[in-house]
Amino acid sequence: MAAAGTCGTGTRSTGSVVAAASTNNVTSFHRRGPRASGADSGCSRLVSIAGTRPSVRNGQLLVSTGLPALDQLLGGGLAVGTVLLIEEDKYNIYSPLLFKYFLAEGIVSGHALLVASAKEDPADILQKLPAPLIDDSYKKECDEDVCSHKTESDVKMKIAWRYQLLPKMEAGPVSSSRFGHYYDISKRIPQQLIETSKWHGFFLPEKISSTFNVEPCSLTSGYMKLLQFIQNIIYEEGFDGSNPQKKQKNILRIGIQNLGSPLWGDDICCTENCDTSHSLTKFLYILRGLLRTSLSACIITMPTHLIQNKAVIARVTNLSDTVVGLESFIGSEKETNPLYKDYHGLIHIRQIPRLNNLIYDISDVKDLAFKLKKKLFTIERLHLPPDLSDTVSRSSKQDLAESAKLLGPGCGMMAGGKKHLDF
């Protein structure tokens, strides 16, 4: 009996050992916890940089362009280490706004700035940046805007059901902790924010000298000076990560205005076959190499409508990561077209970066328009106005039909043909 009891005890002990072993096997997976926490700490280090957030797609660190609606179109923001190319509108009225939004977002987020221009002193550019809006003041502006248009919406026809199903662009902030800020273009940024920010200016007339000799088949003197200036700032300030003692990491926002214009000493906009046709592409190639190895992001405005050589435009697009084009209605036939009466221009998302790949993404959204309100620059979906009204003339109907063909199926096929049925 004792042996049996011992055997029973042995059986119970064996079962407890197996249970303990199984328990140990289950808990053994927690031994990798420190590695997981290390990965989490790595992610937290990225998130800890002010004014940034990781991408939900690939974990790439993103910064805001200063225009939340544009961030949404670019997949959440502008990736760190990339170039955003803004194709200037014909009269260069609206592209400087996107340039200023990008710089103002850097000041509000506490990022370092590098402003380069051949036309205007960088100090003067910073003085003209728009003032940031807090949530309460923005909601007040939105309420006033809604009230002003409420009477018009009561009189006009209600929006069609198929347009109600289309996704809407972001209209306003939800909380103060959101990614990106909103700005009032009718006011200037407070002087205290400019004084407390860290920025570097590159004004080409002050940097270049008449005695500067350039070797043939090389970069223009302006491009070479700017590349040296950017490289020195990245290495000296530790944005390349070479200084391990610098625990507080920060983002360098680079803004280059009117690149490729004759003010930079580049005649690419003057003649189709110029001697310095490769200077611009070489500059972009070297610049992108500097950005890829540093915590920096760059915005460039370029008058691409003045470049006569289409092959150069194609190379410039391939050397840029994100390309956004602005098409203003000023001085064009679209200015009097009833389809565009509520907007000031079209915005084209020509290229979205796909990092670590040989090809890039193309945005599926083709029907985007922008309008400049009293205090805000907004991006909206372009909708066709009602074409069933008796007040619409036959000529305007034909204009709407031709415009609908250009926009494609994104705006519907309501006015897809030139012929209309008469009852």
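This chain uses plain numbering: 1 for the first residue, then up along the sequence.
Taking CD1 of Ile194 as the start and CZ of Arg188 as the end, the distance is 10.0 Å to the nearest 0.5 Å. Between Leu61 atom CG and Thr52 atom OG1 the span is 4.5 Å, to the nearest 0.5 Å. Taking CG of Leu84 as the start and CG of Leu98 as the end, the distance is 8.0 Å to the nearest 0.5 Å. Interatomic distance, Ile300 CD1 to Leu284 CG, rounded to the nearest 0.5 Å: 5.5 Å. Between the CZ atom in Phe370 and the OG1 atom in Thr378 there is a gap of 10.0 Å [rounded to 0.5 Å]. The distance from the NZ atom of Lys373 to the NE2 atom of His344 is 11.0 Å, given to the nearest 0.5 Å.
With no hydrogens or angles considered, a side-chain donor-acceptor pair links Gln257 and Ser117 at under 3.5 Å. One side chain, His181 or Glu105, offers a donor N or O that lies under 3.5 Å from an acceptor on the other. A donor-acceptor contact closer than 3.5 angstrom links the side chains of Asp71 and Ser64. In the model, Asn258 has no side-chain atom that pairs as donor or acceptor with a side-chain atom of Glu120 under 3.5 Å.
Of the possible donor and acceptor atoms, one in the side chain of Glu335 sits under 3.5 Å from a partner among the backbone N and O of Gly331. Listed for the His111 side chain is no donor-acceptor partner under 3.5 Å among the backbone atoms of Lys198. Of the possible polar contacts, none joining the Asn337 side chain to the Tyr340 backbone as a donor-acceptor pair under 3.5 Å is found. In this structure a side-chain-to-backbone donor-acceptor pair under 3.5 Å is missing from Ser109 to Gly106. The main-chain N or O of Ala112 is never found under 3.5 Å from a side-chain atom of Trp199 such that the two would form a donor-acceptor pair. A donor-acceptor contact shorter than 3.5 Å links the side chain of Asn232 to the backbone of Gln228. When atom types are taken as modelled, the side chain of Asn309 and the backbone of Ile268 share no donor-acceptor pair closer than 3.5 angstrom. Put simply, the side chain of Arg53 gets close to the backbone of Gly76: a donor and an acceptor are under 3.5 Å apart.
Crowding of Lys371 atom NZ: a count of heavy atoms from other residues, nucleotides or ligands under 6.0 Å exceeding 12. Remark: Gln192 CD is loosely packed, at most 12 non-hydrogen atoms of other residues, nucleotides or ligands lying under 6.0 Å away. Other residues, nucleotides and ligands contribute more than 12 heavy atoms inside 6.0 Å of the CD atom of Glu195.
Nearest approach of Leu382 to Leu339, heavy atoms of both residues: CD1-O, 4.3 Å. Minimum heavy-atom separation, Ile86 to Ser95: CG2-CB, 4.1 Å. Between Pro353 and Thr322, the closest heavy-atom pair is CD-OG1, 2.9 Å. Here the shortest heavy-atom pairing between Ala297 and Phe102 reads O-CZ, 3.9 Å. Shortest non-hydrogen contact noted between Met302 and Leu85 is CB-CD1, 3.8 Å. In this structure, Leu259 and Pro303 approach most closely via the heavy-atom pair O-CD, 3.4 Å.
In this structure, the side chains of Leu133 and Leu376 come closer than 4.5 Å at one or more pairs of heavy atoms. Side-chain contact between Asp184 and Pro130 is absent, with no heavy-atom pair separated by less than 4.5 Å. Using a 4.5 Å heavy-atom threshold, the side chains of Leu126 and Leu113 count as touching. Between Trp264 and Leu204 there is a side-chain heavy-atom pair separated by less than 4.5 Å. Glu88 has its side chain out of reach of Tyr94: every pair of non-hydrogen atoms, C-beta onward, lies at least 4.5 Å apart. Residues Leu346 and Leu368 fail the side-chain proximity criterion, which asks for heavy atoms closer than 4.5 Å. Side-chain contact between Val115 and Phe202 is absent, with no heavy-atom pair separated by less than 4.5 Å. A heavy-atom distance below 4.5 Å is not found between the side chains of Tyr182 and Leu67.
In this structure, Lys90 does not pair ionically with Glu327, as no charged nitrogen and carboxylate oxygen lie closer than 4.0 Å.
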Please report the C-alpha distance between Thr281 and Asn318 in whole Å, then the side-chain angles of each, then the deciding distance to 0.1 Å, and finally whether the side-chain contact (heavy atoms from CB on, under 4.5 Å) criterion is met.
CA-CA 10 Å; Thr281 54; Asn318 292 332; over 6 Å; no
Carefully, step by step, assess Ile254 and Ile299 under the rule side-chain contact (heavy atoms from CB on, under 4.5 Å).
CA-CA 6 Å; Ile254 303 174; Ile299 183 174; over 6 Å; no
Take Leu252 and Ile234 through the side-chain contact (heavy atoms from CB on, under 4.5 Å) test and state the conclusion after the steps.
CA-CA 8 Å; Leu252 175 65; Ile234 290 177; 3.9 Å; yes
Any chance you could lay out the side-chain contact (heavy atoms from CB on, under 4.5 Å) test for Ile349 and Val323, step after step, and finish with the verdict?
CA-CA 6 Å; Ile349 309 297; Val323 181; over 6 Å; no
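Remark: Ser320 engages no residue in a side chain to side chain donor-acceptor pair (under 3.5 Å) (not counting sequence neighbours).
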Distance-only donor-acceptor pairs under 3.5 Å for side chains of residues 285-292, two or more places apart:
{"residue": "Arg292", "atom": "NH1", "partner": "Gly81", "partner atom": "O", "Å": "2.5"}
{"residue": "Arg292", "atom": "NH1", "partner": "Asp321", "partner atom": "OD2", "Å": "3.2"}
{"residue": "Arg292", "atom": "NH2", "partner": "Asp321", "partner atom": "OD1", "Å": "2.6"}

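Between Phe377 and Tyr101, the angle of the ring planes lies from 30° to 60°, which puts this pair in the tilted group.
A ring-centre distance under 6.0 Å is not found for Tyr343 and Phe329.
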